[in-house]
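Structure first, then comments.
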Amino acid sequence: MPLALPHLTTAHGLTRTTILELFQSAEEYYTRLRIGTKRFDVLQGISVVLAFFENSTRTRMSFEIAAKRLSAEITGFQASASSVNKGETLLDTIRNIEAMHVDVLVMRHSSSGAHEFLRRHAGCRIVNAGDGQHEHPTQALLDAFTLTRKFGHLEGLKYCLVGDILHSRVARSNIPIFKALGAEVAVCAPGTLLPKDIASFGVKTFSDIDTAVAWADAMNVLRIQFERQDQGLIPTIREYTEWFGVKDHHLRLKPNIAILHPGPINRGIELEAIVADAAQSLILPQVEHGVAIRMAVLTALANDIRATRH
Ligand code: CP
């Protein structure tokens, strides 16, 4: 039976088996894309709306490219040019989109939990492309896929997320996915950029970058989310960089370490520019893998749509 997913709103609850099936599907798409295949008919007759209420470069484009490669009917929804600006609620907006017989809604929204709300109240399939500080499941899947392709598997891998964990939806989706795949997970951040309930996440914590780098096989470097900070959580950017930035000398100490970053990068703040461009950096492979992972996710949704239509 091919993998069928009704929605993808959260990384929590995705089993190791489901994740590995998604990776197998993504690997097949990755290989076919690499040899130049541009079209698959998997989403023929399925309509996909891309609704981004927050800015995005990578996620929006890769979902659009993934849906196009799979032959979906795609509609882009520009929140900034919509009636949301006239006060229409999210649920009313989505119900109007549904009334046009949309099958799949890929949405990014600034409200944590917006997708879970819609999953309960809307009739179409919901894919979370990032909700506030809550989750970003396809980013976590592509991060784990990238490191699985590099290391073969994640069992026992020492994996450290470094940076603004407090505001990071990437961290909140990475932790359950990497743990499901058997990785040892840690976070490294100043205490003010850790969630208050970090103890319940079941991860190691580091409070200085040198110790974290010495421990880790792979680091996922997160940016400081200036747009979500309303108080002085770090004394100065310069001090943050000094204590928590990943630098060239870390790569010289640990030449086999793998460096991830979900983007967008603040060069010279959370990592030195030379680190972003180093041989250890998998930042652009992450972006390439993002298309294959999103094709795998959309395929699993299409399988469920077809199964429930018959
Ligand atoms: N990684 C990520 O979500 O990037 P975008 O904000 O550009 O989509």
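As a basis for the values below, the full set of heavy atoms in this structure was taken, side chains included, without hydrogen atoms, waters or symmetry mates. When a residue number appears, it is its place in the shown sequence, counting from 1. The shown structure was predicted, so the numbers you read here are calculated from the model rather than taken from an experiment. Counting starts at 1 for both ligands and their atoms, in listed order.
Relative to the six-membered ring of Phe63, Arg294 meets both conditions, a distance below 6.0 Å and an angle of at most 45° to the axis.
Between Tyr30 and Phe145, the ring-plane angle classifies as perpendicular under the 30° and 60° cut-offs. The aromatic rings of Phe40 and Tyr29 stand perpendicular to each other, their planes meeting at an angle above 60°, with 30° marking the opposite boundary. Taking the six-membered ring where tryptophan is involved, the planes of Phe244 and Tyr240 are essentially parallel, since the angle between them stays under 30° and well short of 60°.
Every salt bridge (charged side-chain N to carboxylate O under 4.0 Å, His left out) that Arg149 has, sequence neighbours left out, goes to Glu27.
With respect to the salt-bridge test (charged N to carboxylate O, under 4.0 angstrom), the residues Arg267 and Asp277 qualify.
Within 4.0 Å of ligand 1, the residues that place a heavy atom are Ser56, Thr57, Arg58, Thr59, Arg108, His136, Gln139, Pro262, Gly263, listed by chain and number.
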